[in-house]
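To start, the structure itself, in structure tokens.
By convention in this document, chain letters (A, B, ...) are assigned in the order of the sequence lines, proteins followed by strands, and residues within each chain are numbered from 1. Bear in mind that the values here come from a model prediction, so they are computed numbers and not experimental data.
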There are 2 protein chains.
Amino acid sequence: MADATEGETAQLPLHQRIRAEIEGKILSGEWPPGYRIPFEHELTAHYGCARMTVNKVIAALAGAGLIERRRRAGSFVAQPRLQSAVLEIPDIQQEVAGRGETYGYELIGRRRRPAGEDDPAVFTGQEVLELRCLHRANGRPLALEERLISLASVPEAAEVDFAATPPGSWLLHHVPWTEAEHRISALAASTKVAAILEVAKGAACLSLERRTWRATETVTAVRQIFRGDLYHLVARFSPQG
Amino acid sequence: MADATEGETAQLPLHQRIRAEIEGKILSGEWPPGYRIPFEHELTAHYGCARMTVNKVIAALAGAGLIERRRRAGSFVAQPRLQSAVLEIPDIQQEVAGRGETYGYELIGRRRRPAGEDDPAVFTGQEVLELRCLHRANGRPLALEERLISLASVPEAAEVDFAATPPGSWLLHHVPWTEAEHRISALAASTKVAAILEVAKGAACLSLERRTWRATETVTAVRQIFRGDLYHLVARFSPQG
DNA sequence: AAGTGGTCTAGACCACGCG
DNA sequence: GCGTGGTCTAGACCACTTC
């Protein structure tokens, strides 16, 4: 496909050129889903290169989900994926700073206690650190955070002074994690939440719940309740990554 | 370790074994962020294989964001990434069906008109198809959808009978897209929205706005307003993909 | 049985960026 | 400079699947 900025087959590495070309045909629809792309030996001949070179490209595209490969049969353009997007969930601190606003943080409560019945079942029988804190932007309450940290998984958290450091930032830099699940919903502010966030009772808020695992251990569970009028999440997606 | 144990070790391809081993050291924290991992020639010697083999592994890990590579300096364990997640945004139809509920769809309004001042600026000067529709689950209103489709980008949309087919499903299967941006927020139901969704005015709703591009053209812009009490988004992430 | 992709080798030259 | 990663080659054998 003609591209405005193309012009020259620049000094791009060969495999990048090949990848761009194939990706282009797929994304433009010239090679529709189910289309059998040329065999490796055909691409090898077409580009006049070694098989390893095209193999790396096709393997990478397969890894990215654009192509499915079947031995003996060939490689095929994958069916359109579901709408999906990479949702960036940065530190609230970084987020606020990035907007050019002043970040404020306040520890509201801290308790070390055994997990009880109101807590997520994964913590049952463990000792947890319970934290409640408030994030502010330009002095205004932005989000209320309620967090449990498993002291079995992260014993060193017991020694940290979270009065100065937001727990999210600390955990992000001190505890490797392997998996996380987020649940995003809208809810009406309860009386208690409304008072802390300084909004009317019943005001729409954005709730972000996250559980983070390290291997099979749950490291932390957190719920952040944002003022709906001050916050939104943005997710952007392009097939290339 | 000695590399002469070939009879015993798993039948996994060598590069998978190498990758698993390195990933393990990173995720376990044995190689913390900033750690300089062995040079390629060292890994080559350690595993007794060709340089291409370890290169492919390290390059893949770099592509996955676990490792950063700097010429002359070496390869380093990347700083923990920002929290990010793959947010799956399936068809509402599929979503509802997947929950075992009955999906209902209703076209409320359809207009073909030039884009005006209230529309996103990207449509200015174009003709658009404006659709309003309602998604139901088990008969109850679930989401109100307001959508603009660029007829310059998707002229065939003018001929489609969206009284039977939800526009999201149709677009997903007929128009390739290269990029999408989502904005997720919480809002209070306006009088009008509340009436359609059959909730009280001011009820918390989850708003999902999405713009979809094909190359540089905006294909469609849509806002879906979900009843906050009936819907949430789930995003799950693991570094491996 | 034949042909595909999956994997691997043992070299090579180059570009870049630290010392 | 010089050592790192970046890229590429021209082969090879194997496993699997479809024919």
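Contact annotation: H15(B) side-chain N/O to dC8(C) OP1/OP2 distance is under 4.0 Å. In terms of phosphate contacts, Q16(B) brings no side-chain nitrogen or oxygen within less than 4.0 Å of OP1 or OP2 of dG6(C).
Sorted by first and then second residue, the side-chain hydrogen bond (donor to acceptor under 3.5 Å, both in side chains) pairs involving residues 55-64 of chain A (not counting sequence neighbours) are E40(A)-N55(A).
Within residues 50-58 of chain B, the residues having any heavy atom closer than 4.0 Å to DNA chain C are, in order of number, A50(B), R51(B), M52(B), T53(B). For the segment residues 67-77 of chain A, the set of residues with a heavy atom within less than 4.0 Å of an atom of DNA chain C comprises R69(A), R71(A), R72(A), G74(A), S75(A), in numerical order.
Residues satisfying the side-chain contact (heavy atoms from CB on, under 4.5 Å) test with S207(B), not counting sequence neighbours, are S185(B), L187(B), E209(B), R223(B). Q16(A) pairs by the side-chain contact (heavy atoms from CB on, under 4.5 Å) definition with L12(A), P13(A), not counting sequence neighbours. In terms of the ring-ring contact (aromatic ring centres under 6.0 Å, His included) criterion, H232(A) has no residue partners (sequence neighbours excluded). Take A152(A) and apply the side-chain contact (heavy atoms from CB on, under 4.5 Å) test, not counting sequence neighbours, and it matches Q126(A), S150(A). Partners of E127(A) under the salt bridge (charged side-chain N to carboxylate O under 4.0 Å, His left out) rule, at least two apart in sequence or in another chain, are R112(A). Every residue two or more places apart in sequence or in another chain that forms a ring-ring contact (aromatic ring centres under 6.0 Å, His included) with W170(B) is listed here: F162(B), H174(B).
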Criterion side chain to side chain contact (heavy atoms under 4.5 Å, CB included) on I22(A) and I26(A), from CA distance to verdict:
CA-CA 6 Å; I22(A) 295 178; I26(A) 294 174; 4.1 Å; yes
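In this structure, R19(B) atom CZ and dC8(C) atom P are separated by 14 Å, rounded to whole Å. If you measure from atom OH of Y47(A) to atom P of dC8(D), you get 13 Å, rounded to the nearest angstrom.
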